Amino acid sequence: MSLRVDSAATSGTGGTELDVGPTAARRTGADWQRRYGRVLVGSDLVVLLWVFTTSHVVWASNSGLAGDVAYAPAAVGISAFMALFWHVVLTVAGTRDSRVFGAGPEEYKRVLSSTLGVFAVIAFCGYVVGFNLPRIYVLVLMPFGLILLTLSRWSWRQWLLVQRQRGRMTQDAIVVGSIESVEHLVAVIGRSAAFGYRLSGACITSASPPSEVAGVPVLGDAVDLARTVLTSGTDAVIVTSSDVMHPDTVRRLGWDLEGYDVEIIVAPSLTNIAGPRVHIRPVAGLPLLHVEQPSYRGAQRWAKGLLDRAGGLALILAVSPVLVALAVAIRLTSPGKVFFVQERVGQDGRTFGMIKFRSMVEGADSMLADLQPDSGNVVMFKMRDDPRVTRVGRFLRRYSFDELPQLFNVIKGDMSLVGPRPPLVSEVSTYAAEARRRLLVRPGMTGPWQISGRSNLDWEETMRLDLYYVENWSMVGDMLILWKTFRAVISSAGAY
């Protein structure tokens, strides 16, 4: 969670002019942002031209008009004007703003709202002037254009993510705060390479600061912060919560950085809270963050349950031939039952029998005590090259086919398609109070743990991801997790 402050728009009479030499004029992040923005401008233009050309051809083919009429300059000009108008709206709506590059849903939300706005304006203008846009034109144009724009943006985002993982196309940032707050922020930024921040230094407000904190070199204290920021040539300064950093200090920093194109980011002491739960309401010039309570009941939960059952039933019908084939393979290759039913803990601590395809030899539970020390996750037991797993079982686990029968648990209402991993009774007995919050919602067949490393995650990271989901879930987020789960299963990363 962060709050950006425009250094050129902070209130006051002006900042002190600082003589920091030629280093301050160096802009390390703005150049690649402008280049990437121009790439998106060209990409969007190509997509829209393709979409309008296709839509016009489809309309002309089904209109029954002669070619010289369907492709008259006036008809083609209308299509070209609408393509240009759509492109302009994408620009005005900030869909290519550097603050939405790389990660988060905001870029896609702006593309969607821009598209809906374009067609709302076209429909209204057509009604006013009495021009009826052909229905087939709209039926092809809007969904086809939205899908291709989204796919184009997603493709460029994947390319940008690869560049950022290689240390390119990032923003250098200096973090300001106490040693503890800087250590926390370094850990958070380290988990979020997609957002493109590279911490190049720190200014510590604590007395007697060390030479480095969590691998980040300490550049000084907060006394002469503006000069330190400018001489370092950084692109952003991130101010963490600290008693030493008085609000007037941040205000004066904004004045001092006017005209230098340095982004000021304030990181409040809020963690694992999704953006839709946070609202900013200024009171007497002070921006107050209002945090909504998590939603565990109500209409959204009812809609989620309905979607789970409908989706579970549809998936069972779709994969029923695969279920039959896997059941036959298990039966023919190893003695024992086809299904393995294990007691798990569900919502509000209620237990249920979770159904899986059997992937281990009979009596595998009796061998657990001898194998458990091998696992790095001391609460959720998993190990590589588990000798209890059968030959067919290794294939099932690699692609998570052993979990397909859990669709019956979803239809029954014991599980959800997306949620925290259903824990064992023995695991829950070791839970601290914080971990028990995982039981506030129905467990899921997939969840944040599935798309973030699966069995490679340690217990602390698994719990952090599950608790974030429990308190910040949404229908859109569930859809995104389901899509990412498909990719994670195909790659089989972290599955064993």
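Computed from a prediction, not measured in an experiment: that's the story for all the values here. One is the number of the first residue; the rest follow in order along the sequence.
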A.B. asks: For A329, does its backbone N or O pair with a side-chain atom of T333 as donor and acceptor, under 3.5 Å?
C.D. replies: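 Here the side-chain-to-backbone pair exists.
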A.B. asks: Is the count of non-hydrogen atoms from other residues, nucleotides or ligands lying under 6.0 Å from R331 atom CZ greater than 12?
C.D. replies: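 Counting neighbours around CZ of R331, 12 or fewer heavy atoms of other residues, nucleotides or ligands fall under 6.0 Å, so no.
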A.B. asks: Are there more than 12 heavy atoms of other residues, nucleotides or ligands under 6.0 Å from atom CH2 of W154?
C.D. replies: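 Yes, enclosed.
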A.B. asks: If a pair satisfies ring-ring contact (aromatic ring centres under 6.0 Å, His included) and one of its residues is in residues 308-335, list it, with sequence neighbours excluded.
C.D. replies: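 Every pair satisfying ring-ring contact (aromatic ring centres under 6.0 Å, His included) with a residue in residues 308-335: there are none.
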A.B. asks: Is the closest basic N to carboxylate O distance between R157 and E107 below 4.0 Å?
C.D. replies: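 Judged by the 4.0 Å cut-off on N to carboxylate O distance, R157 and E107 do form a salt bridge.
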A.B. asks: Give the ring-plane orientation class for W86 versus F52, where under 30° counts as parallel, over 60° as perpendicular and anything between as tilted.
C.D. replies: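 Perpendicular.
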A.B. asks: Cut-off 3.5 Å, side chains only: do Y469 and R438 have a donor facing an acceptor?
C.D. replies: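 No, no side-chain donor-acceptor contact under 3.5 Å.
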A.B. asks: Within the supplied structure, the quantity of interest is the number of heavy atoms (other residues, nucleotides, ligands) at a distance under 6.0 Å from F144 CZ; does it exceed 12?
C.D. replies: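 It does: F144 CZ has more than 12 such atoms within range.
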A.B. asks: Would you mind checking if D402 and R358 are paired as a salt bridge, meaning a charged N to carboxylate O distance below 4.0 Å?
C.D. replies: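 No, no charged N to carboxylate O under 4.0 Å.
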A.B. asks: If the threshold is 4.0 Å, N to carboxylate O, is there a salt bridge linking E471 and R437?
C.D. replies: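 Yes, E471 and R437 are salt-bridged.
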A.B. asks: Find the distance between CG (L404) and OG (S320) and round it off to the nearest 0.5 Å.
C.D. replies: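 Atom-to-atom, L404:CG and S320:OG are 11.0 Å apart.
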A.B. asks: Going by distance alone, is a donor N or O of one side chain under 3.5 Å from an acceptor N or O of the other, for Q342 and R344?
C.D. replies: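 Note: Q342 and R344 side chains meet the donor-acceptor criterion.
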A.B. asks: Going by distance alone, is a donor N or O of one side chain under 3.5 Å from an acceptor N or O of the other, for S359 and R397?
C.D. replies: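 There is such a pair between these side chains.
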A.B. asks: Would a 4.5 Å heavy-atom cut-off, applied to side chains only, mark D348 and L439 as touching?
C.D. replies: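 No. Closest side-chain heavy atoms not under 4.5 Å.
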A.B. asks: Could you point out which residue of M415, M445, R442 forms a side chain to side chain contact (heavy atoms under 4.5 Å, CB included) with D308?
C.D. replies: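 The single option meeting the side chain to side chain contact (heavy atoms under 4.5 Å, CB included) with D308 is R442.
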A.B. asks: More than 12 heavy atoms of other residues, nucleotides or ligands under 6.0 Å from CZ of F81: is that the case?
C.D. replies: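 No, the 6.0 Å shell around CZ holds no more than 12 heavy atoms from other groups.
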A.B. asks: Is R153 paired with E106 through a side-chain N to carboxylate O contact shorter than 4.0 Å?
C.D. replies: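 Looking at E106 and R153, the cut-off is not met.
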A.B. asks: Strictly below 4.0 Å, N to O, side chains only: are D478 and K304 in salt-bridge contact?
C.D. replies: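 Salt bridge: yes.
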A.B. asks: With ring pair (Phe, Tyr, Trp, His ring centres under 6.0 Å) as the criterion, how do F357 and F401 come out once you've worked through the C-alpha distance, each side chain's angles and the decisive distance to 0.1 Å?
C.D. replies: CA-CA 8 Å; F357 277 130; F401 287 154; 9.1 Å; no
A.B. asks: When you check the side-chain N and O atoms of S334 and T390, is any donor under 3.5 Å from an acceptor?
C.D. replies: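 No, T390 and S334 have no side-chain donor paired with an acceptor closer than 3.5 Å.
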